Amino acid sequence: MTYRPSRIQILLGTRKGTYVVEGNARRTSWKVGRPAHVGEEVYHVIADPRHPGSLYAAVNNGFWGPAVHRSRDGGRTWKEVATPLLPRTRNRPNPMEASAPAPKPVANLWHIEPGHPSEPKTLYLGADPHLLFRSPDLGASWDPIDSINEHPARKDWAPGAGGACLHTILVDPRDPKRMYIGLSAVGTFRTENGGDSWVPTNRGVLAPFLPDKHPETGQCVHHVAPDARDSDTFYRQDHGGMYVSHDRMDHWIRIGRPLGDDFGFAVASPPAAPGRAYFVRLNGRDRTTGTGYFQVQEWNDDRKRWRALVRPNAFPGTFGVHREGISTDNLDPPGIYVGTTTGQLFVSPNAGKSWQQIPFAFPGIHSVAVANPASR
Amino acid sequence: MSPAVEVRLDGWLRQFGAPSRESVDADSIDHLIDALEERYPRLKFKLRDETGHLRRYVRVFLDGKDVSATTGVSTPLSDVRVVDILHSIAGG
């Protein structure tokens, strides 16, 4: 019997497992379910809206390696599916003779992205070291995308502090062949031909840690969120600040200056409120909110204005938020969901007017996503 | 024909279908793991990564001697009676 979720679910990937938190219709009451993948690092959990009830988790076991897991019943049960791997070789090169470096194994899995609605069995997966894969069969097998995995400039691609992660994958809702990816610390790229070739898209983004402050690549993009109204518009949280692009990432405009230090990792933009993007500003030096309380900043791209969404001191403390740490639902008004590196989960059911902290101490949260209830 | 060695497997490997003990004919650690993976396919890539090396926190002992960080998967099994495959003390 096909599982069809009737309740909204918050999906958490944490340092010690996967959590599913179910809410009521008003999004004011939440129940924390039994964790899965207990003790394992889960970098990302996501719902596949093309198949209600299907969830995917990027599980990175410190002992036994990475694995993709799938649930077909809204997180009640999980099963390991295929995990992308580089072609295995038994002929390890002699380091004294090798002309090319030995292949590195797939390290951590960072992001799973359902494909375009017209390709209902396609999944994408980003991994470390700077790897992109496509599955044609909902995770039963994976094909490496050589245009990235064998890119001639790879030798110059540096990792970020979290590793050589390919962490952002966006598919244009108008055209499955147009995609965008983000890699640390390489930047963003766009393809117009389904991944046959890619162009770097980092013009205007500062690389404060490089001698050349505006290189073609080398920026440390942290995350990018698409606008729901205009598929040419994107919001970007980068090591070098907060940005918007209105031209498919050809040019980026820095918007974060009014916030002072506009460092951060996470950004989200809600389907029900296009033109808005939510950022969690952090201090670049210590990667925490640093103000003494939890805060979310809203960028209004129509009015070109910032607004703080959380009453100061409503939630005192020092918080970190990872790149997948903020998400929205598809309801109106939009719900906003933020998970912290110290295990707090903050929820607003009304676009930031009011907030509650879920009364549960989670392990440090890597990722937050929402499984919207299936439409009837 | 290689002599059979007794393999004792980490309890955590049960989640991948592995037993606690197994008898395997193999002349090296590599071939021993090949044989285990053939019998228990879900073990594939759990002990070795796809380049063929032992994963960082997998430890292999031959009659009590840890070879993980030295000769690793290419270690021959001549005159070895018991192979222990364990995970190391790590994490937090």
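Side chains included, hydrogens not; waters and symmetry mates left out as well; all remaining heavy atoms used. Naming convention: chains lettered A, B, ... in sequence-line order (proteins, then strands); numbering from 1 in each chain. Here the structure is a predicted model, which is why all the values come from computation and not from measurement.
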Side chain, backbone, both or neither: which part of L43(B) has a heavy atom under 4.5 Å from chain A?
neither
Pairwise ring-ring contact (aromatic ring centres under 6.0 Å, His included) hits with a residue in residues 121-142 of chain A, at least two apart
H130(A)-W157(A)
Check this for me: [X], atom [atom1], are more than 12 non-hydrogen atoms of other residues, nucleotides or ligands nearer than 6.0 Å?
{"X": "R39(B)", "atom1": "CZ", "answer": "yes"}
{"X": "R81(B)", "atom1": "CZ", "answer": "no"}
{"X": "D156(A)", "atom1": "CG", "answer": "yes"}

Closest heavy-atom contact between P66(A) and K46(B)?
O-NZ, 4.4 Å
Shortest non-hydrogen contact from K104(A) to T51(B)?
C-CG2, 4.3 Å
For the backbone of W64(A) and the side chain of R55(B), can you confirm whether one donor and one acceptor N or O come within less than 3.5 Å of each other?
yes
